[in-house]
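Whatever order the structure lists them in is the order used to number ligands and atoms, beginning at 1. For the single chain, residues carry numbers from 1 onward in sequence order. Values below: every heavy atom of this structure, side chains too, minus hydrogens, waters and symmetry copies.
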Amino acid sequence: MTTINKNYLKLQGNYLFAEVARRVRAYKEENPKANVISLGIGDVTRPLAPAVIEALHKAVDEMADAATFRGYGPEQGYAFLREAIVNTIYKPRKAEVAADEIFVSDGAKSDCGNLQEIFGTDNTIAITDPVYPVYLDTNVMAGRTGFFDEATGMFDKVVYMPCTAENDFLPQIPQKHVDIIYLCCPNNPTGTTLSRVQLKAWVDYAKKEKAIILYDAAYAYYITEEDVPHTIFEIEGARDVAIEFRSFSKTAGFTGMRCGYTVVPKTVFGMTPDGTKKSLNEMWNRRHTTKFNGTAYIIQRAAEAVLTEKGQQQIKETIAYYMNNAKVIRQGLSDMGMKYYGGVNAPYIWLRTPEGMSSWEFFDKLLHEADIVGTPGSGFGPSGEGYFRLTAFGDAKATVEAVERMKTRLKL
Ligand code: PLP
């Protein structure tokens with residue numbers, strides 16, 4: 001019989017959202033009149049910006065005309081989009097990125113998951129905990145884990161960097177050597193960030209250790225504080241050690257459209273078995289052109305529209321709408337005397353569960369007493385236990401109502 005990739009057997013079941021859905025379903029069956037509000041969704045809810053809709057219509061019309069119809073495009077993305085990214089995202093921040101260092105894709109999830117393929121399975125990886133689960137799972141699938149230590153519940157080649165209130169959610173530089181470092185900034189789920197000085201320390205560490213930083217900036221547009229870098233390429237020396245993932249999903253409501261990109265500078269290298277340097281830009285180009293046939297033309301035109309002056313203004317209005325929800329939630333939690341983090345540079349609010357409850361205990365309490373759904377922090381990694389994620393992606397009125405219910409109905 002055909003054998004399977006046995007690394008898949010090492011994956012830990014990710015039951016988080018399935019279990020959330022199961023408990024909500026059961027609750028609704030028992031309480032059919034309950035008006036359940038979800039502050040658990042990690043998906044956008046506002047419609048696309050008018051500039052994007054206009055660009056989509058225009059691109060569709062082009063596809064209907066033999067003179068302007070397009071088939072396969074460049075796998076790396078059309079020049080019009082790659083150049084718009086340089087001019088709108090990187091140049092204003094004085095971050096040196098060239099168009100041929102940008103690889104357009106169908107979203108950051110694919111890129112975060114696929115990029116590890118160009119690295120050897122003998123590398124050690126460092127991952128912040130809690131974090132977006134894709135980084136760990138895709139390395140496990142590839143077999144970049146070493147042995148599983150039953151005593152610690154950890155893989156030998158994976159270094160977890162706990163981020164909790166005790167260390168201000170700052171990943172600590174590992175004591176031992178690591179080869180690949182995943183940083184998610186602003187972080188999903190904690191909503192916390194690194195300052196310029198803190199990120200510079202990571203760049204310096206990567207340089208010293210000859211390591212690579214994989215920097216996920218999917219929520220960069222939510223940053224409001226001055227001292228928080230919007231791209232790792234604002235940091236001196238990052239071009240020698242970092243690769244950056246970006247997404248139009250939360251930036252411009254593209255979760256159902258699918259467009260993201262990865263920046264692989266031509267100055268970042270890995271090493272061959274005989275010790276020679278190998279360009280990671282060349283390697284990712286090889287991988288991308290072999291396994292990917294490009295993002296849809298109409299979607300790239302829509303993404304280009306996001307990067308116009310009009311598009312930028314419109315998406316910023318939608319982000320401000322979500323961030324106002326974040327403010328409403330933060331204010332409510334403050335009024336209740338609850339401890340929380342995030343919600344200033346990210347659409348996520350990360351709260352400490354009250355009275356030492358587990359993440360799931362608080363989930364049940366919130367659902368049963370206030371008809372509100374959130375996400376248990378333990379689903380994002382072991383250090384998420386005792387925390388809970390609320391999101392700002394909901395409807396404004398429903399968010400106000402949810403906060404009111406938390407204040408009046410939760411028995412604390
Ligand atoms: N990176 C982080 C940190 C995310 O939270 C998400 C989506 O939730 C993604 C990447 C995936 O983005 P995309 O929709 O572009 O695949």
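Inter-residue side-chain proximity for Ile102 and Val86 is flagged as met; some heavy-atom pair is nearer than 4.5 Å.
For Tyr219, a nitrogen or oxygen atom sits less than 3.5 Å from a nitrogen or oxygen atom of ligand 1, counting backbone and side chain alike. Among the atoms of Thr255, none of the N or O lies under 3.5 angstrom from an N or O of ligand 1. Note: an N/O pair closer than 3.5 Å links Ala108 and ligand 1 by distance alone.
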For ring pair (Phe, Tyr, Trp, His ring centres under 6.0 Å), just list the numbers for Tyr348 and Tyr219, CA-CA rounded to whole Å, side-chain angles, deciding distance to a tenth of an Å, and then say yes or no.
CA-CA 10 Å; Tyr348 299 121; Tyr219 298 95; 5.2 Å; yes
Begin with the C-alpha distance, continue with both residues' side-chain angles, and end with the deciding distance and a verdict on ring pair (Phe, Tyr, Trp, His ring centres under 6.0 Å) for Trp350 and Tyr341.
CA-CA 5 Å; Trp350 187 243; Tyr341 310 87; 8.8 Å; no
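When only non-hydrogen protein atoms are considered, atom 11 (C) of ligand 1 lies nearest to Tyr132 OH, 3.3 Å. Scanning the protein heavy atoms around atom 14 (O) of ligand 1, the nearest turns out to be Ser249 OG, 2.6 Å.
Cation-pi contact between Arg46 and Tyr321: present, with separation from the ring centre below 6.0 Å and deviation from the ring axis of at most 45°.
The pair Glu101-Arg82 does not meet the salt-bridge criterion, since no charged nitrogen lies less than 4.0 angstrom from a carboxylate oxygen.
Of all the atoms in ligand 1, the ones that sit under 4.0 Å from a non-hydrogen atom of Asp216 are 1 (N), 2 (C), 3 (C), 10 (C). Near Ser247, the atoms of ligand 1 lying under 4.0 angstrom from a non-hydrogen atom of the residue are 12 (O), 13 (P), 15 (O). Every atom of ligand 1 with a heavy atom of Asn188 under 4.0 Å away is listed here by number and element: 5 (O). Numbered from 1 in the order shown, with element, the atoms of ligand 1 that lie under 4.0 Å from a heavy atom of Cys184 read 3 (C). Taking every non-hydrogen atom of Lys250 and a distance limit under 4.0 Å, the qualifying atoms of ligand 1 come out as 7 (C), 8 (O). Near Gly107, with a cut-off below 4.0 Å to any heavy atom, the atoms of ligand 1 are 15 (O), 16 (O).
The aromatic rings of Tyr135 and Tyr182 sit parallel, their planes meeting at an angle under 30°, below the 60° perpendicular limit. Aromatic ring orientation, Tyr297 versus Phe80: perpendicular (interplanar angle above 60°, classes split at 30° and 60°).
By the neighbour-count criterion of 12 heavy atoms within 6.0 Å, atom NZ of Lys365 is densely surrounded, having more than that number from other residues, nucleotides or ligands.
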